[in-house]
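Keep in mind that what you see is a predicted model, and the values were worked out from it rather than measured.
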Amino acid sequence: MMIVAGQSQSAYFLEETSTVSESHTLSVLVDNEPGVLARVIGLFSGRGYNIESLTVSEVEHENHLSRITIVTGGTPQVITQIMNQLARLVPVHRVVNLTKKGDAIERELALVKVAGKGEHRVEALRLAQAFSARTVDATLESFVFELSGSPTDIDRFVNLMTECGLVEVARTGLAALSRGREAM
Amino acid sequence: MTRQMTGAEMVIQALIDQGVDTIFGYPGGAVLPIYDELHQQDKINHVLVRHEQGAGHAAEGYARSTGRVGVALVTSGPGATNMVTPLTDALMDSIPMVCITGQVPTHLIGNDAFQECDTVGITRPCTKHNWLVKRIEDLPRILHEAFRIATTGRPGPVVVDIPKNIQFQTGTYTNYKGQPQTQYNPRVKGDEAAIREAVALLAAAKKPVLYTGGGVINSGPAASTLLRELVKLTNMPITSTLMGLGAYPASGPNWIGMLGMHGTYEANMTMHDCDVMVCVGARFDDRITGRIDAFAPNAKKIHIDIDPSSINKNVRVDIPIVGDVGYVLEDMIKVWKQTHPQQDKAAMAAWWQQIAVWKAKKCLSYRKNNDVIMPQYAIERLYQLTKGHDTYITTEVGQHQMWAAQYFGFEEPNRWMTSGGLGTMGYGLPAALGVQIAHPDSLVIDIAGDASIQMCIQEMSTAIQYDAPIKIFILNNQYMGMVRQWQQLLHGNRLSHSYTEAMPDFVKLAEAYGGVGIRAEKPDELDGAIEEMIRIRKPVLFDCRVANLANCFPMIPSGKAHNEMLLGDASDDEIDSAIGSTGKVLV
């Protein structure tokens with residue numbers, strides 16, 4: 001008599017009970033109107049949910065739609081609750097769990113500033129080439145590299161750069177899309 | 001219909017087009033243009049309260065007793081911040097309310113102008129949705145959408161914040177009533193496969209129970225009728241949350257009383273031991289479930305709710321059905337009638353026998369007293385003596401509220417208005433005012449405590465002004481009774497600041513406002529005094545002096561399960577040790 005995912009027509013399926021916290025990437029399509037980001041962020045802080053990364057930008061100018069990509073953590077039940085709470089907000093059109101859909105493309109852009117002389121400087125440039133990072137600024141004592149890739153790629157690059165005179169990093173947070181021809 | 005008019009005129013026109021005939025409000029600098037328009041028309045009746053909080057709760061009372069939307073109109077700054085409590089109250093209890101607030105002119109927003117506050121920022125977490133109207137072109141669309149969002153899906157409060165210069169500007173008004181202006185479109189029909197599964201599960205149940213809530217009331221009177229039909233078809237025992245009282249009549253054969261922290265022994269035991277539970281328009285609140293890991297441990301659970309976020313929030317359910325209670329109940333009844341399921345008659349008879357054993361505990365009995373009025377007795381008498389009348393009950397929050405829920409019987413929906421989720425002391429008097437304005441010829445009683453009543457007592461003045469003959473029945477025990485009871489349970493009976501040493505003379509207070517004061521001190525004078533109160537066609541403050549230290553039982557102590565109730569005959573030692581260290585931190 002239990003509803004099992006995939007067998008019932010019900011919109012809401014039971015998750016397996018689990019107390020293990022998982023990281024999920026949610027894509028949220030919202031009306032681009034004043035206060036919409038505050039509503040989303042307020043929901044997370046007000047209900048004690050966690051935001052690991054959040055990006056937002058208008059994606060359909062004509063329709064005034066923005067896409068918010070949120071990386072959040074929690075047990076499967078909490079993730080479902082977060083999605084339901086998001087969907088309840090009036091300006092929210094759709095909420096999709098990209099992690100659950102599986103194998104989504106996740107990219108982030110980072111600007112990484114390193115400073116140094118001699119061997120450090122040569123090594124930084126060599127590593128940047130190995131990671132296919134672009135050099136977007138250079139002085140006699142510094143570089144700024146631009147790197148896009150998965151968050152783990154960027155973590156690895158930034159970790160290596162700490163050995164080569166890392167000064168500061170700016171990261172955009174995650175942009176993500178599902179694979180295949182379907183939209184969210 | 002399209003017409004040129006000012007923003008202030010648009011507000012009035014939209015209210016008229018939405019069928020609003022009564023609003024509750026308080027004027028101020030930033031809403032003067034709207035008040036000027038109110039002055040020049042006669043379609044909308046405005047009730048002038050004494051404090052904006054009163055306007056909000058009155059709108060709630062109006063909404064809950066009529067099933068229509070409640071409307072409040074207040075000014076910027078303190079007007080708006082005073083609305084925060086009623087807005088939160090309406091959000092927690094899913095009450096449809098449209099609140100229009102004035103705002104400083106757009107060019108002053110952000111400048112810390114006089115009576116400026118970030119109204120949409122402050123009210124964002126306590127509304128279903130809110131808007132700051134920055135262009136006159138947007139105003140008609142937003143006004144009508146505000147009504148649609150407040151009243152459809154899971155109802156709730158909305159705020160429309162209108163800067164003063166927008167109120168003066170002229171624009172084109174269009175009546176958008178019934179035309180969605182956003183993509184918001186809640187699902188009302190339940191999933192058919194899930195409904196079929198639910199009916200099959202229900203039919204096979206040996207120990208079923210219906211646990212209903214405010215969602216049944218919110219769905220409209222038809223939902224209550226359907227609920228009664230389903231109970232009759234299935235012969236299930238039915239219990240309800242505080243919010244859902246009246247959906248099924250208290251005199252009905254299958255009624256087992258309210259459940260939860262101060263619910264009946266039989267209702268909570270039935271919940272604990274059931275094998276199939278149907279939750280209809282309720283949300284497994286902590287007052288209901290008690291210790292969550294011991295909540296109905298052997299039950300398959302069906303949950304009908306219009307709000308998907310209520311599903312699996314506190315309790316995992318086996319069959320969730322997202323939809324409006326009315327639609328889902330209708331479909332369930334249809335399926336039941338189509339499939340003619342054969343219930344296990346022997347099992348059902350045994351189940352009812354077991355319930356009869358629990359009922360025989362008589363958990364609501366209390367020690368009678370000939371010298372002092374017991375609070376339970378006062379409510380019992382109030383119930384008996386108002387039975388023949390067209391009665392509406394509101395309450396404040398505390399012991400009196402629970403006694404009212406336990407000892408007053410409700411036969412119909414929309415007759416019982418109480419602050420359930422937020423637990424707002426001060427709710428009852430203004431709510432009663434709103435109810436009385438909507439039902440001028442009915443008997444409207446606010447069952448109050450001596451502490452709660454002083455939180456919005458100023459609305460007595462409003463009641464006098466509008467000739468609203470509300471009756472305030474105060475169970476006066478000199479204490480914040482529920483606080484005192486918890487101090488006894490949790491803090492070694494150290495009664496820190498829960499005694500009111502300077503109590504006003506409620507009889508004189510009533511007279512000062514222009515109402516009538518009545519006092520009853522002995523059980524034998526109670527009936528006569530209540531009858532006198534009912535006869536008087538004026539606002540009445542009834543000072544009912546009750547036993548000071550009575551506790552509200554039965555009770556599930558915090559952190560305990562449904563089958564670990566404290567009953568009325570609990571000894572002081574049992575009360576002192578009822579709550580363990582994990583329960584102590586709970587509220």
Give, as side chain, backbone, both or neither, the part of A:Pro34 having an atom under 4.5 angstrom from any heavy atom of chain B.
neither
Please look at A:Val78 and chain B and tell me whether the side chain, the backbone, both or neither of the residue comes under 4.5 angstrom of a heavy atom of that chain.
neither
Interatomic spacing from CG in B:Asn312 to OG1 in A:Thr80 - rounded to 0.5 Å:
7.5 Å
CG/A:Leu89 to CZ/B:Arg124 distance, rounded to the nearest 0.5 angstrom?
10.5 Å
Of the listed residues (A:Ala38, A:Gly46, A:Ala87), which shares the most heavy-atom pairs with chain B below a 4.5 Å separation?
A:Ala38
Side chain, backbone, both or neither: which part of B:Asn130 has a non-hydrogen atom closer than 4.5 Å to chain A?
both
Near [X] [atom1], under 6.0 Å, is it more than 12 heavy atoms from other residues, nucleotides or ligands?
{"X": "B:Gln342", "atom1": "CD", "result": "no"}
{"X": "B:Phe295", "atom1": "CZ", "result": "yes"}
{"X": "A:Lys113", "atom1": "NZ", "result": "no"}
{"X": "A:Glu58", "atom1": "CD", "result": "yes"}

Which heavy atom of A:Val90 sits nearest a heavy atom of B:Gln183, and at what distance?
O-NE2, 2.6 Å
Could you tell me if the side chain of A:Arg88 sits less than 4.5 Å from the side chain of B:Asp307, heavy atoms only?
yes
Criterion side-chain contact (heavy atoms from CB on, under 4.5 Å) against B:Ser309, the qualifying member of A:Met83, A:Arg47, A:Gln85:
A:Gln85
